[in-house]
Amino acid sequence: MTAVLLASAPAATAGPAGAPATGYRACSVLRTIAWHSWVAGADGRYHLVTIRRPYAFSVVFPVVRFPAPVH
C-alpha cells in the first residue's frame, strides 16, 4: 500500500525545497539500526562489536478529509 501512495504523489510544484504539494503531507522517520558482529583483533582473537547505522525514511501521503456523516 505504501508503494501505491508514493506512486500517486504529485509532481513537484513551486514552493520550499522538499515540501510536499498542497493536499499531501510528508512523514519522516530517523532510526538507528544496530547489530552485533565479530572483528579480529591485533591479539589474534575475535572480539564482539556493535555496529550502528542511522537510516532516514520519508513518506508522502495524501491528506483526505471526509465530510461528517449524516444521521
Assess the residue pair His36 and Thr50 against the criterion (side-chain contact (heavy atoms from CB on, under 4.5 Å)); give the C-alpha distance rounded to whole Å, side-chain angles, the decisive distance to 0.1 Å, and a yes or no.
CA-CA 5 Å; His36 296 289; Thr50 301; 3.2 Å; yes

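Residues Ala34 and Arg52 approach most closely at CB-CG, 3.8 Å, considering heavy atoms.
Residues Tyr55 and Leu30 are not in side-chain contact: their nearest non-hydrogen atoms beyond the backbone lie 4.5 Å or more apart. Counting heavy atoms from C-beta outward, Arg53 and Trp35 have side chains that approach closer than 4.5 Å.
Residues passing the side chain to side chain donor-acceptor pair (under 3.5 Å) test with Thr32, sequence neighbours excluded: none.
Leu48 and Ile51 are members of different hydrophobic clusters when ILVMFWY side chains are connected at heavy-atom separations under 4.5 Å.
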